[in-house]
Visitor: 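Pasting in a structure now, in structure tokens, and then I'll have a few things to ask.
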Amino acid sequence: MGCLFCNIINGTTPSTKVYENDSVYAFEDINPQAPVHVLVIHKSHVETIEDLTADNSSIMSDIILAVKEIARTKGVDRKGYRVIINNGPAGGQIIWHLHVHVMGGRDDMGPMVVR
Ligand code: 5GP
Ligand code: ZN
């Protein structure tokens with residue numbers, strides 16, 4: 001039990017690793033919505049953006065710097081890609097461990113949101 005993404009970090013739940021460093025882990029989304037769909041998580045458990053403070057703000061910089069590496073690894077850095085955070089219930093968040101979706105591999109990622 002506990003947090004699914006913490007269990008992915010500690011290996012209890014299997015995942016397909018895309019990138020890892022001391023602070024960040026990234027893996028293939030189990031239900032990809034684009035040719036490239038990678039989830040990027042910090043090894044520190046915080047649930048949402050609301051849990052970020054000046055003291056732990058390196059969580060986001062660690063994640064975004066990893067996104068840059070992942071985009072290069074996946075070959076979408078030059079063409080471009082979309083970075084999404086579903087934050088909170090209305091934002092569509094399902095897993096309560098802050099995460100970034102890196103999505104790409106298409107020439108046009110389409111409208112930003114469904115109107
Ligand atoms: P959210 O809506 O919380 O931003 O997105 C959660 C994402 O986690 C979804 O895109 C979903 O497909 C993905 N996901 C849920 N469970 C698992 C899992 O066990 N393994 C992997 N790799 N992805 C998962
Ligand atoms: Zn967690």
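Predicted model, so just to flag it, every value in this text is computed and none were measured. Because only heavy atoms are used, hydrogens play no part in the values below, and waters and symmetry mates are left out as well, while side chains stay in. For ligands, and for the atoms within them, numbers begin at 1 and follow the listed sequence.
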Visitor: Could you check which N/O/S atom of His97 is closest to the Zn ion (ligand 2)?
Guide: ND1
Visitor: What's the spacing between Cys3 SG and His97 NE2 if we round to 0.5 Å?
Guide: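 Going from the SG atom of Cys3 to the NE2 atom of His97 covers 5.5 Å.
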Visitor: For ligand 1, which is the ligand I care about here, please tell me if Ile30 has any N or O atom under 3.5 Å from one of the ligand's N or O atoms.
Guide: yes
Visitor: For atom 16 (N) of ligand 1, find the nearest protein heavy atom and state the residue, atom name and distance (0.1 Å precision).
Guide: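 Looking only at protein heavy atoms, the one closest to atom 16 (N) of ligand 1 is Leu4 CD2, 3.4 Å.
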Visitor: Assess, by modelled atom type and distance only, whether the side chains of Asn87 and Glu50 contain a donor and an acceptor separated by less than 3.5 Å.
Guide: yes
Visitor: Among all the protein's non-hydrogen atoms, which is closest to atom 22 (N) of ligand 1, and how far away is it?
Guide: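 Result: Glu28 O, 2.9 Å.
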Visitor: What is the name of the N/O/S atom in His45 that sits closest to the Zn ion (ligand 2)?
Guide: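 In His45, the N, O or S atom with the shortest distance to the Zn ion (ligand 2) is ND1.
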Visitor: Is the shortest heavy-atom distance from the side chain of Tyr19 to the side chain of Ile70 under 4.5 Å?
Guide: yes
Visitor: Check Thr16 against ligand 1 and report side chain, backbone, both or neither, counting heavy atoms closer than 4.0 Å.
Guide: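 For Thr16, there is no contact with ligand 1 at all, from either part.
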Visitor: Check contact between His101 and ligand 1, using heavy atoms of the residue and a distance below 4.0 angstrom.
Guide: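 Yes, His101 has heavy atoms under 4.0 Å from ligand 1.
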Visitor: Identify, with sequence neighbours excluded, every residue that meets side-chain contact (heavy atoms from CB on, under 4.5 Å) alongside Val36.
Guide: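 Per chain and number, Val36 pairs via side-chain contact (heavy atoms from CB on, under 4.5 Å) with Val38, Lys74, Val76.
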Visitor: Answer yes if the ring centres of His99 and His101 are under 6.0 angstrom apart, and no otherwise.
Guide: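 That pair passes the under 6.0 Å test.
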Visitor: For atom 8 (O) of ligand 1, what's the nearest protein heavy-atom neighbour? Residue, atom name and distance, please.
Guide: Leu39 CD1, 3.5 Å
Visitor: Report the part of Ile84 (side chain from C-beta onward, or backbone N, CA, C, O) that has a heavy atom under 4.0 Å from ligand 1; answer both or neither where that applies.
Guide: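 For Ile84, there is no contact with ligand 1 at all, from either part.
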Visitor: Taking non-hydrogen atoms only, is Gln33 closer than 4.0 angstrom to ligand 1 via side chain, backbone, both or neither?
Guide: neither
Visitor: What part of Phe5 sits under 4.0 Å from ligand 1 if we count only heavy atoms: the side chain, the backbone, both or neither?
Guide: side chain
Visitor: Answer whether the closest heavy-atom distance between the side chains of Leu65 and Asp62 falls below 4.5 Å.
Guide: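 Heavy-atom side-chain distance check fails, nothing below 4.5 Å.
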Visitor: Atoms of ligand 1 less than 4.0 Å from Asn86 heavy atoms?
Guide: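 Listed by number with element: 1 (P), 2 (O), 4 (O).
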Visitor: Can you list the atoms of ligand 1 that are under 4.0 Å from a heavy atom of His99?
Guide: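 Checking each atom against His99, I get 1 (P), 3 (O), 4 (O), 5 (O), 6 (C).
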Visitor: For ligand 1, which atoms have a heavy atom of Phe27 less than 4.0 angstrom away?
Guide: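 Ligand 1 atoms under the 4.0 Å threshold to Phe27: 21 (C), 22 (N).
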Visitor: Out of curiosity, is Gly92 lining ligand 1, as in a heavy atom under 4.0 Å away?
Guide: yes
Visitor: Is His37 close to ligand 1, meaning an N/O of one under 3.5 Å from an N/O of the other?
Guide: no
Visitor: Would you say the side chain of His42 lies within less than 4.5 Å of the side chain of Leu98, judging by non-hydrogen atoms?
Guide: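 Heavy-atom side-chain distance check fails, nothing below 4.5 Å.
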Visitor: Is there a side-chain contact between Ser23 and Asn21 in this structure, where contact means two heavy atoms from C-beta onward sitting under 4.5 Å apart?
Guide: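 Of all side-chain heavy-atom pairs linking Asn21 with Ser23, at least one is under 4.5 Å.
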Visitor: Are the side chain of Gln33 and the backbone of Asn31 linked by a donor-acceptor contact shorter than 3.5 Å?
Guide: yes
Visitor: Could you check which of Val38, Thr13, Asn7, Asp29 puts a non-hydrogen atom nearest to atom 10 (O) of ligand 1?
Guide: Asp29
Visitor: Is any side-chain heavy atom of Glu28 less than 4.5 Å from a side-chain heavy atom of Ser15?
Guide: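 The answer is no, as the side chains (C-beta and beyond) never meet within the 4.5 Å cut-off.
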Visitor: Counting each atom of ligand 1 from 1 as listed, which ones have a heavy atom of Asn31 under 4.0 Å away?
Guide: 12 (O)
Visitor: Below 4.5 Å, heavy atoms only, C-beta onward: do Ile85 and Met60 meet side chain to side chain?
Guide: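 Counting from C-beta outward, Ile85 and Met60 do come under 4.5 Å.
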Visitor: Any side-chain heavy atom of Val46 within less than 4.5 Å of one from Asn56?
Guide: yes
Visitor: Within the 4.0 Å heavy-atom shell around Ile94, which atoms of ligand 1 are there?
Guide: 1 (P), 2 (O), 3 (O)
